[in-house]
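Basis for what follows: all heavy atoms, side chains included, without hydrogens, waters or symmetry-related copies. Counting starts at 1 for both ligands and their atoms, in listed order.
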Amino acid sequence: MKRTKLDWQADERCQELAGLLADEITELRQLTAPIDPFAIIRQEHPLLRAGGGNFGDRFDGKLKYNKEKKKFLLFYNIKYDLGLEQGTNHPRTRFSICHELGHFFIDEHHKYLLSGGKAHASSGEFKTAMQMEREADAFASSMLLPTHLVEPLLNNGELTLRKLEKVSEDFGASLLCTTIRGVRLSDLPCAVAGIRRGRIAWMFPSKAMIEGHCYPGKRVLESPSAKDRWTAFEVGDSGRHTEDGILGHWFQLYDREDELYDVEVTQSFFPLRTVDTMVVLLTMDPDAISKEEDEEEDDIDRDHRERFGW
Ligand SMILES: [Zn+2]
């Protein structure tokens, strides 16, 4: 079924709230980068306990409520940590733990588990379509990359892969997670999309894109350079590439189709083998899509002219 603009906006709002909750937690507890999810878990003791294990491909994280012990048990998979220095966790492990913390802290999820709701296995970043999962993902992204700490770094001129990479290393978050956060926090028109099986599997646009009436929702890969990159990715190319493209290949433009279709965009591709996804960061000249500022005034002027016969 085709999703409407309203569906998309409602989903967005829930994710935004989950992110704000994580922001509030990190800010109130005065946590600094890189955020230590275990410090948060310790603060929730004895209601919450956590344990890691190598759960193979079964799940990345799981949160359960144990009725007899009256405790929440958070399990996380350490398979990504194998080979890392003792005591350090891979960004994916950190994300999984924070995702489960989302289920613990988001009121609705917490109550659901308390009332005997079945624990569900979560796996991968941004993989499932379920609303609760997306909320927990949004929570995790904001917990690892709190707004008050990263906004000054990411909403500071054009988003570039270089800038995103530096933040991702300093905060112990994956490049994907950091890119999505960067797009969400940016005041400029930009977006990040995931290409899977040769199609656009998901996309997050910045606020300025929506204000400019450029919406996600396209599934078919129309950009010729993106098709080429996907083909190369499938046969093993793991390089990063930046290429020019056009806006109309990526967005539903509705009333602005004629005006904006050919606007030039910069497409920065980076492959993510672990999730079989080619990620693309889309950036553009902010002036190219901004609505005419004096449009409204023009209308008023016209009204006046007509009314007074000017
Ligand atoms: Zn989950």
Side-chain angles (χ1 to χ4, degrees), residues 7-8 10-26 35-41 43-44 47-67 71-81 89-146 171-174 176-181 184 192 194 196 201-202 204 272 274-277:
D7 288 340
W8 182 82
D11 272 16
E12 267 299 282
R13 184 67 194 139
C14 289
Q15 288 169 48
E16 205 181 310
L17 288 173
L20 287 174
L21 176 64
D23 275 342
E24 202 178 285
I25 292 167
T26 49
I35 300 298
D36 179 7
F38 296 103
I40 301 172
I41 291 166
Q43 288 169 343
E44 297 304 314
L47 182 59
L48 176 64
R49 311 225 31 197
N54 190 347
F55 301 110
D57 292 330
R58 275 183 290 155
F59 60 87
D60 283 351
K62 199 183 255 189
L63 184 69
K64 258 185 175 170
Y65 181 67
N66 184 310
K67 259 192 180 156
K71 273 184 211 312
F72 280 88
L73 305 171
L74 189 162
F75 300 99
Y76 60 94
N77 198 341
I78 58 158
K79 75 168 175 176
Y80 305 110
D81 300 338
N89 297 107
H90 191 277
R92 290 191 67 172
T93 314
R94 291 167 51 73
F95 187 91
S96 298
I97 297 169
C98 292
H99 172 108
E100 298 312 324
L101 282 173
H103 292 314
F104 178 77
F105 281 107
I106 298 169
D107 209 34
E108 237 181 287
H109 302 202
H110 188 100
K111 282 185 188 145
Y112 171 78
L113 290 168
L114 262 186
S115 69
K118 239 181 111 201
H120 62 283
S122 314
S123 75
E125 286 185 23
F126 309 104
K127 233 180 185 175
T128 58
M130 287 165 58
Q131 182 59 39
M132 266 167 88
E133 289 305 279
R134 281 204 292 257
E135 284 171 19
D137 280 348
F139 179 96
S141 304
S142 294
M143 178 140 275
L144 288 180
L145 298 156
F171 283 76
S174 71
L176 172 62
C177 186
T178 310
T179 305
I180 292 171
R181 281 293 278 154
R184 282 193 188 284
V192 53
R196 214 178 283 152
W202 50 262
F204 297 110
L272 279 186
T274 47
V275 283
D276 246 329
T277 302

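Considering just the N/O/S atoms of His103, the one nearest the Zn ion (ligand 1) carries the name NE2.
Every salt bridge (Lys or Arg N to Asp or Glu O under 4.0 Å) that Glu16 has, sequence neighbours left out, goes to Arg13.
Seen from the Zn ion (ligand 1), atom NE2 of His99 and atom OE1 of Glu133 lie 80° apart in angle, a value rounded to 10°.
Looking at every heavy atom in both residues, Ile78 comes nearest to Asn54 through CG1-N, 3.6 Å.
Taking NE2 from His99 and CG from Leu74, the interatomic distance works out to 10.0 Å, rounded to the nearest 0.5 Å.
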*Residues Phe139, Phe104; criterion ring pair (Phe, Tyr, Trp, His ring centres under 6.0 Å); working and verdict*: CA-CA 11 Å; Phe139 179 96; Phe104 178 77; 9.6 Å; no
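Within the coordination shell of the Zn ion (ligand 1), defined by N, O or S atoms under 2.8 Å, Asp137 is absent.
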